[in-house]
There are 2 protein chains.
Amino acid sequence: MSFSTGVFPAGCPSRTVLDHISSKWGVLILLALSEGEQRWSELRRRADGISEKMLAQTLKTLERDGLVSRRAQTVIPPRVDYSLTSRGYELSALLVPLVTWAFQNADDIINGQRDPA
Amino acid sequence: MSFSTGVFPAGCPSRTVLDHISSKWGVLILLALSEGEQRWSELRRRADGISEKMLAQTLKTLERDGLVSRRAQTVIPPRVDYSLTSRGYELSALLVPLVTWAFQNADDIINGQRDPA
DNA sequence: CGGTATCCTAGGAGATACTG
DNA sequence: CAGTATCTCCTAGGATACCG
């Protein structure tokens with residue numbers, strides 16, 4: 001492994017990036033968008049349980065990070081579509097196997113919770 | 001994609017699992033351990049910036065999840081080694097590419113932060 | 001060395017109400 | 001529809017001190 005999986009310092013950019021993409025909602029949004037461009041309201045449904053505030057915040061962060069792009073149309077009623085940038089798509093490709101794994105192993109993991117009898 | 005990357009409900013096990021493994025420190029610990037068994041103090045150095053409290057807490061969660069196993073030797077001075085279970089190893093294999101990507105793209109992402117001039 | 005126990009606070013996160 | 005503003009609550013997480 002080239003970056004030597006070991007220590008990387010506390011304040012370095014990779015830490016920040018890691019925080020953004022492994023944020024509670026970040027993963028879910030990225031994942032939802034990996035299926036294609038979607039509107040605000042659709043994202044809200046997909047990231048089940050997210051509040052408007054968190055959706056807005058997460059989308060902004062991801063946009064600033066250049067992972068998501070926002071396309072607004074000034075029509076009535078307003079319509080805004082979000083999609084992955086190419087970089088975002090690259091990332092989502094890495095995220096999908098992870099979530100798939102989590103999904104497949106979730107029941108085992110949670111049920112297998114043996115209390116230290 | 002079999003699980004249909006879309007909605008998965010708010011309280012379901014996969015969400016919990018996702019939270020555990022995408023916790024701020026979870027990733028770092030899992031990653032450090034992917035290089036092999038390590039002692040408490042070594043993990044502390046590797047997960048640069050982690051507090052004792054968070055290290056203990058994270059390790060417990062990961063242990064409960066069956067991802068990490070703990071081997072204590074009752075000697076003086078005490079020695080405790082942590083390592084990945086086979087399931088943990090499976091997971092870390094998915095995490096490594098993700099972190100590698102984050103590491104490689106971090107500077108671009110953080111620097112490219114164009115203020116909406 | 002490998003932890004617990006305790007205290008404390010910044011900000012993550014939800015609820016509600018309002019706007020272009 | 002697609003947000004912003006505000007208020008509040010809660011807990012993740014750090015600092016410190018102590019223990020087997």
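Residue numbering restarts at 1 for every chain, and letters A, B, ... go by the order of the sequence lines.
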- Item | Check: B/Ala32 main-chain N/O paired with B/Gln38 side-chain donor or acceptor under 3.5 Å | yes
- Query: Which whole-number value in Å describes the distance from A/Gln38 CD to D/dA2 P?
  - Reply: 12 Å
Could you go through residues 51-58 of chain B and list every donor-acceptor pair under 3.5 Å that involves a side-chain atom there, pairing it with any protein atom two or more places apart or in another chain?
residue: B/Ser51; atom: OG; partner: B/Met54; partner atom: N; Å: 3.2
residue: B/Glu52; atom: OE2; partner: B/Arg44; partner atom: NH1; Å: 3.1
residue: B/Thr58; atom: OG1; partner: B/Met54; partner atom: O; Å: 2.6

- Message: Tell me the interatomic distance from A/Arg44, atom CZ, to C/dA13, atom P, rounded to whole angstroms.
- Response: 16 Å
- Query: Are the side chain of A/Ser69 and the backbone N or O of A/Thr85 linked by a donor-acceptor pair below 3.5 Å?
  - Reply: no
- Length of the CG-P vector between B/Leu55 and D/dA12, whole Å: 17 Å
- Query: Is the shortest distance from a Lys or Arg side-chain nitrogen in B/Asp48 or B/Arg46 to a carboxylate oxygen in the other one below 4.0 Å?
  - Reply: no
- Message: I'd like to know if the side chain of B/Ser34 reaches the main chain of B/Ser92, judged simply by a donor and an acceptor atom lying under 3.5 Å from each other, with no hydrogens or angles considered.
- Response: no
- Distance, rounded to the nearest Å, where B/Met54 contributes CE and C/dT9 contributes C1': 14 Å
- Task: Send over the distance from A/Trp25 CH2 to C/dG14 C1', rounded to a whole Å.
- Result: 10 Å
- Query: Taking protein heavy atoms under 4.0 Å as touching, what does nucleotides 1-8 of chain C look like 5' to 3' if B marks base contact, S marks sugar-phosphate-only contact and - marks none?
  - Reply: BSBB--B-
- Message: In this structure, how many angstroms lie between the P atom of D/dT11 and the NZ atom of A/Lys24, rounded?
- Response: 11 Å
- Task: Starting at atom CG of A/Leu28, determine the distance to atom C1' of C/dG12, rounded to an integer number of angstrom.
- Result: 16 Å
- Charged N to carboxylate O under 4.0 angstrom, A/Arg87 versus B/Asp108? yes
- Distance, rounded to the nearest Å, where B/Asp19 contributes CG and D/dG13 contributes C1': 16 Å
